[in-house]
Amino acid sequence: MKFHLTILVYLLLICSCTRTTTSYTEDISKFTTIHAPQKIKDLQFVKYSDVFDSVKIIKLESTKSSLIGRIDKVLYYDSKIFILDQTERKAVFEFDANGKFIRQFGSVGNGPGKYNEPNDISVNKKELAIWVSDLEKFVIYDLDGRFLREVKTASFGKSGAMLDDNKFAVYLDIGADVASGEKFNLKVINDQGEVTHVAFEKKDKDFSKGSFFFSQNENQFIISPGYSNNIYALGNNAVTKKFAVDFGQYQMPADFSQKFPTAIKFQQALSRSNYAYLSKYWDTPGYLVFSFVYKGMLFDAYYSKRTKVLKFGNAWFNNVHGILSGVNKGAYADNIIAIYDPAHVDSYQKTYKSPPSKNQIDTLVSGANRFFRTGGNEGKFVASDFSYSKEEIDLLHSIKTSDNPVILIQKLKKF
């Protein structure tokens, strides 16, 4: 009798400790299809001032403690700027809305609260989480920079996000080029490290993409798995398909990757092909902003949810007066956050000591177009209607080539 009672208690303990992992429901009942242009080579790039109402230039404080090597990801949350430098400084920095350095979160090292390389970041009203892929863990701090806890995931992944206080998500990005027993690319984990939901089943013949898959705007998260060109919102029990970008004749066939034995051969073939694919994406209350790659070139697209109008730019897209170049890196509300590298700011400072005239801008734009056509690129500059104020020019003249990257907060215009 005692033996049977022991077995019963043991079985009850096993059952009480077992948590069921369920697949996320994929809700595709309502989504928006965005049709890319019929001819990408003939894209008409609009003026910068046709997309943005205003641009705020934020000079980040440059001190020994705050010096950034490279900005891999930027979040703007509750009037604070959080910056991930994944590989050069291997650090996460916080600045205020005017660019004053506040703190660094954590540091490189061993043990609790440490990381060897921060691979992704997310933030909410109370906490900031750093995803550390090779150590398979989230490191969580309060917003004063104090280490709170770690959440172990038992899975590495390219991208990780804290969805709320007790829910974390990892996107594994596993393809045919990665040996793994995992069956799903998305895993949702509670604060005890237990997997509660999975989604996006792994396809054996696909290759990993490599990117930041989670895109955060305030408390909302979206994700586009692999090369699918579909964008999903993450909810409590479902992944909801919000957008599908249709590249038409440039759409990559579902079986394209199956033709190649290695990831390198696939990437080489893709860069030579006539196919386009999503790169980055940000969902704002009024817009979907995304970038896509075609024949090795990066293009930006701005879609108005209100009017269904889609406007295009490229990596050199008609920057403020053609002078200050920024690369889109994040979003908050209806603003897009871009980064400008000041390595060559001195050449602009020598040329522009006052607001440039239309003739100066037209000359600059014409010269830029000639240069890039000579280099074999299809990029086109278009002169903007923006002009710098005296205060902005003074700010630009205060930037040194050795300073931190400059943050551009670009407010999207109603169109």
Side-chain angles (χ1 to χ4, degrees), residues 31-52 206-207 209-213 215 222 224-231 242-257 259-260 265-283 287-305 307-319 322 325-329 331 336 338 365-366 368-384 410 412-413 415:
F31 63 90
T32 300
T33 299
I34 300 173
H35 297 282
Q38 293 183 350
K39 292 186 178 181
I40 292 179
K41 289 185 177 181
D42 297 331
L43 276 182
Q44 295 299 308
F45 300 125
V46 298
K47 294 180 180 179
Y48 187 95
S49 47
D50 289 339
V51 176
F52 297 111
D206 284 350
F207 291 104
K209 184 178 182 181
S211 182
F212 291 107
F213 287 90
S215 173
I222 59 173
S224 178
Y227 291 93
S228 71
N229 297 333
N230 296 321
I231 297 173
K242 292 193 70 175
F243 303 97
V245 180
D246 179 10
F247 287 109
Q249 64 176 317
Y250 305 105
Q251 193 88 358
M252 189 190 309
D255 62 349
F256 181 68
S257 64
K259 302 175 182 179
F260 307 98
K265 289 187 179 298
F266 164 69
Q267 291 289 348
Q268 290 173 340
L270 181 58
S271 66
R272 295 191 301 266
S273 75
N274 211 36
Y275 303 133
Y277 62 92
L278 274 180
S279 176
K280 295 181 174 62
Y281 36 86
W282 299 276
D283 190 17
Y287 307 86
L288 177 72
V289 177
F290 61 94
S291 60
F292 65 92
V293 178
Y294 174 71
K295 290 189 178 298
M297 284 194 64
L298 187 70
F299 298 85
D300 294 325
Y302 302 83
Y303 174 79
S304 169
K305 298 177 184 178
T307 63
K308 315 302 181 189
V309 170
L310 184 61
K311 296 187 177 185
F312 296 96
N314 64 10
W316 308 286
F317 165 55
N318 182 345
N319 312 295
S325 173
V327 178
N328 293 344
K329 288 283 187 179
I336 295 298
V365 168
S366 176
N369 284 327
R370 286 197 304 272
F371 173 81
F372 284 106
R373 276 198 297 270
T374 301
N377 293 302
E378 299 292 335
K380 299 175 183 176
F381 287 92
V382 185
S384 173
Q410 308 167 118
L412 287 158
K413 174 180 281 187
F415 61 82

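The figures here come from the full heavy-atom set of this structure, side chains too, leaving out hydrogens, waters and symmetry mates. Quick note: residue numbers are just sequence positions, from 1.
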Over all heavy atoms of both residues, which pair between Pro253 and Tyr275 is shortest? Give the atoms and the distance, please. CD-CZ, 3.4 Å

Gap separating the CZ atom of Phe312 from the OH atom of Tyr302, nearest 0.5 angstrom: 11.5 Å

Hey, is NZ on Lys259 packed in by over 12 heavy atoms from elsewhere, all under 6.0 Å? yes

Asp300 vs Ile336, side chain to side chain contact (heavy atoms under 4.5 Å, CB included): CA-CA, chis, key distance, verdict: CA-CA 12 Å; Asp300 294 325; Ile336 295 298; over 6 Å; no

Side chain to side chain donor-acceptor pair (under 3.5 Å) with Gln249: which residues, sequence neighbours excluded? none

Tyr287 ring center within less than 6.0 Å of Phe415 ring center: yes

Which atom names give the shortest non-hydrogen contact between Trp282 and Asn328, and what distance separates them? CH2-O, 3.5 Å

To the nearest 0.5 Å, what is the distance between CG on Leu278 and OG on Ser228? 7.5 Å

Within this structure, what is the OH-NZ distance for the pair Tyr303 and Lys308, rounded to the nearest 0.5 Å? 4.0 Å

Ser224 and Tyr281 have their tightest heavy-atom pair at N-OH, 3.0 Å

Are Phe292 and Phe247, when compared by the centres of their aromatic rings, separated by less than 6.0 Å? yes

Compare every heavy atom of Lys311 with every heavy atom of Val46, then report the nearest pair and how far apart it is. CG2-CB, 3.9 Å

Check whether Ser279 reaches the backbone of Val293 with its side chain - one donor and one acceptor, N or O, closer than 3.5 Å. no

When rounded to the nearest 0.5 angstrom, what distance separates OG1 in Thr33 from CG in Asn230? 8.5 Å

For a quick test of reading the model, state the closest non-hydrogen atom pair linking Asn274 to Lys295 and the distance between them. OD1-CE, 3.7 Å

Atom CZ in Phe290, atom NZ in Lys280: separation rounded to 0.5 Å? 14.0 Å

According to the interplanar angle, ranging from 0 to 90°, do the rings of Phe52 and Tyr48 count as parallel (below 30°), tilted (30 to 60°) or perpendicular (above 60°)? tilted

Could you tell me the separation between the OG atom of Ser49 and the NZ atom of Lys413, rounded to the nearest 0.5 Å? 5.5 Å

Less than 4.5 Å apart, side chain to side chain, heavy atoms only: is that true for Tyr227 and Leu270? yes

Does the ring centre of Phe256 sit less than 6.0 Å away from the ring centre of Tyr277? no

Residue list, side chain to side chain donor-acceptor pair (under 3.5 Å) with Asp283, at least two apart or on another chain: Lys242, Lys305

Tyr250: partners by side chain to side chain donor-acceptor pair (under 3.5 Å), with sequence neighbours left out: none

Residue pair His35 / Asp246: nearest heavy atoms and the distance that separates them: ND1-OD2, 3.2 Å

